[in-house]
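A short write-up of the structure that comes next.
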2 protein chains.
Amino acid sequence: MGQDMYVNMDEFLPLRDVVFKTLRQAILKGELKPGERLMEIHLANKLGVSRTPIREAIRMLELEGLVIMIPRRGAEVAQITEKNMKDVLEVRKSLDALSVQLACERITEEEKVALKAAKEAFEKATETKDVTVIAAADVKFHDIIIEAAGNAKLTQMINNLAEQMYRYRFEYLKDVSGHERIIKEHQEIYDSIMNADVEGALAASGKHIDNQETSIIRQLKLDIVR
Amino acid sequence: MGQDMYVNMDEFLPLRDVVFKTLRQAILKGELKPGERLMEIHLANKLGVSRTPIREAIRMLELEGLVIMIPRRGAEVAQITEKNMKDVLEVRKSLDALSVQLACERITEEEKVALKAAKEAFEKATETKDVTVIAAADVKFHDIIIEAAGNAKLTQMINNLAEQMYRYRFEYLKDVSGHERIIKEHQEIYDSIMNADVEGALAASGKHIDNQETSIIRQLKLDIVR
DNA sequence: AATGTGCAATTTGAATACAAAATGAGTACA
DNA sequence: TGTACTCATTTTGTATTCAAATTGCACATT
């Protein structure tokens with residue numbers, strides 16, 4: 001009775017959610033390229049399911065903006081244009097600003113401890129030179145700040161935006177020469193939040209995004225030429 | 001040849017989109033109440049379609065956060081809590097600020113003309129005492145500003161947020177005594193944008209949302225008690 | 001050679017069919 | 001009287017079937 005009655009529900013996800021995650025990953029990692037058609041029967045065979053969960057997953061991807069629908073022709077992977085990415089970054093910057101501002105006001109003592117740990121973990125991670133590890137540590141640092149902002153809607157929206165930059169952010173973190181600067185920026189953001197210095201936090205966070213923007217746009221241009 | 005070759009495509013929307021819009025409207029207008037179950041066969045019969053488009057529409061509503069899924073039990077209309085709405089308004093305020101700021105920098109001459117017309121149309125609309133007309137005029141005014149910001153992602157996100165406040169905003173505009181203040185606030189926003197006065201525009205827009213927030217939260221509380 | 005036409009193949013859109021799980025009413029039994 | 005259990009009903013999850021539209025190609029026509 002007092003026992004844990006919940007099993008890990010993640011293992012019993014409906015097929016549509018499995019398909020959704022699979023396709024999203026494929027798009028974000030670039031395995032499915034912009035413009036590529038997503039044909040239902042083809043995908044169904046490939047993933048070993050019927051068309052129904054494929055269709056439902058496509059509806060979700062459509063609403064996230066990762067695929068576009070052409071009537072009577074089906075779905076294809078959305079094109080990522082420079083304008084498109086600039087728009088995303090512009091909004092992202094604004095929401096990140098809100099996020100650090102709210103974090104300054106609302107962060108708890110536990111979160112402060114966690115943020116310090118995450119900051120230090122990121123510094124350690126850069127020493128590994130393993131991009132996957134570094135990226136995960138970076139995500140963790142920012143996740144704590146977003147959580148500290150205490151706004152579920154904001155969390156959801158930032159995560160959605162982050163998703164659209166996923167592939168390029170990866171490239172950004174690959175560049176070892178940039179790590180030192182990122183560490184310094186994290187330190188500035190961290191210090192500002194700890195001192196509830198809203199102005200400082202906004203400045204530091206803005207600079208942080210601007211640097212990413214430069215890198216992402218450069219990557220994107222390379223990608224388009226390719 | 002020189003003729004208009006496009007037919008009104010809206011009339012040939014896939015059923016899933018028709019169902020999606022129908023259900024969304026029903027939820028936002030309060031016809032489908034929070035907690036109410038959305039049973040597929042029932043909805044299918046009611047709308048005269050099969051389960052397939054119903055399911056696809058539910059997937060979209062789920063991603064918009066208007067319904068929540070309970071495994072093996074189906075969808076139900078999401079609860080609107082005060083915290084939830086405050087979160088939405090907090091983000092909305094931030095994005096509106098970005099929107100007026102960008103509009104100050106990017107608005108074209110044509111858009112300036114349109115904005116003036118929309119401002120005056122709203123003033124005229126308040127005289128009709130017809131809430132539908134007033135709401136439409138208000139939307140038009142704000143739409144022009146958002147368009148002038150020239151950021152498609154921002155447009156999409158603000159529209160999504162606006163949707164979640166739909167029902168309460170309607171109540172806000174019903175209150176005739178508030179019209180004069182709204183007109184004054186529109187005038188301030190308009191003037192600031194015309195003079196590319198970013199500071200002024202931010203202040204005016206912030207005040208505008210704050211007033212709405214007060215009204216919406218009050219409405220929401222009444223709604224919950226009901 | 002260029003353009004138009006018709007037909008077959010492919011693919012989406014929608015409906016229906018089938019399988020599995022959850023719910024709830026009714027009944028047996030302590 | 002109350003509790004547990006069975007079984008029919010309901011509902012979701014998934015697969016399959018059917019209809020309609022689009023596309024591309026072959027062929028005819030100018």
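Fair warning: this is a prediction, and the values are worked out from it, not measured in the lab. Quick note on labels: first sequence line is chain A, next is B, and so on, each numbered from 1. In what follows, every heavy atom counts, from backbone to side chain, and hydrogens, waters and symmetry copies are set aside.
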Practice task
Quick one: sort the B:H142 and B:H186 rings into parallel, tilted or perpendicular, breaks at 30° and 60°.
Solution key: perpendicular

Problem - Axial bend angle, the helix from C:dA1-D:dT30 to C:dA30-D:dT1: five-pair end segments, nearest 10° - result: 10°

Practice task
Let me know the distance between CZ of A:R55 and P of D:dT16, rounded to the nearest Å.
Solution key: 16 Å

Exercise for the section: Using a 4.5 Å cut-off on heavy atoms from C-beta on, say whether the side chain of B:V18 contacts that of B:V49. Expected result: no

Handout entry: A:M165 side chain near A:V88 side chain, heavy-atom distance below 4.5 Å
Key = yes

Exercise for the section: Determine whether B:L66 and B:L28 make a side-chain contact, defined as any pair of heavy atoms from C-beta on separated by less than 4.5 Å. Expected result: yes

Problem - Rounded distance in Å - CD1 (A:I70) to P (C:dT12) - result: 11 Å

Practice task
Please tell me if the side chains of A:L222 and A:E171 come closer than 4.5 Å, counting only heavy atoms from C-beta onward.
Solution key: no

Completion exercise
salt bridge (charged side-chain N to carboxylate O under 4.0 Å, His left out) pairs touching residues 133-159 of chain B, sequence neighbours excluded, are B:D138-B:R169

Fill in the blank from the handout: From the candidates C:dA15, D:dA15, D:dG13, the one with an atom nearest any side-chain atom of A:R16 is D:dG13

Problem - Gap between atoms CE and P, on A:M69 and C:dA14 respectively (whole Å) - result: 10 Å

Exercise for the section: Please examine the side chains of B:Y168 and B:Q212, heavy atoms only from C-beta on, and report whether any two atoms are closer than 4.5 Å. Expected result: no

Problem - Separation of C:dG13 C1' from B:D17 CG (nearest whole Å) - result: 11 Å

Problem - Side-chain N,O (A:S50) to OP1/OP2 (D:dT14) below 4.0 Å - result: no

Exercise for the section: Using the test side chain to side chain contact (heavy atoms under 4.5 Å, CB included), find all partners of A:L63 that sit at least two apart in sequence or belong to another chain. Expected result: B:M60, B:L63, B:E64

Completion exercise
With B for base contact, S for sugar-phosphate-only contact and - for none (protein heavy atoms under 4.0 Å), nucleotides 17-25 of chain C reads B--BSSS--

Problem - Interatomic distance where CD belongs to B:E56 and C1' belongs to C:dG13 [whole Å] - result: 8 Å

Practice task
Output the residues of residues 38-47 of chain B in contact with DNA chain D, where contact means a heavy atom of the residue under 4.0 Å from an atom of the strand; sort by number or write none.
Solution key: B:L38, B:M39, B:E40, B:I41

Exercise for the section: Enter the distance from A:N160:CG to A:R92:CZ here, rounded to the nearest 0.5 Å. Expected result: 11.0 Å

Problem - Under 4.0 angstrom between B:T52 side-chain N/O and C:dA14 OP1 or OP2 - result: no

Output a table of donor-acceptor pairs, distance under 3.5 Å, between side-chain atoms of residues 30-38 of chain A and any protein atom two or more places apart or on a different chain; print 'none' if there are none.
residue: A:K33; atom: NZ; partner: A:G30; partner atom: O; Å: 3.0
residue: A:E36; atom: OE1; partner: A:K33; partner atom: N; Å: 3.0
residue: A:R37; atom: NH2; partner: A:R73; partner atom: O; Å: 3.0

Handout entry: Interatomic distance, A:L15 CG vs D:dG13 P [rounded to whole Å]
Key = 11 Å

Practice task
Would you check if B:D175 and B:S215 make a side-chain contact, meaning some heavy-atom pair closer than 4.5 Å?
Solution key: no

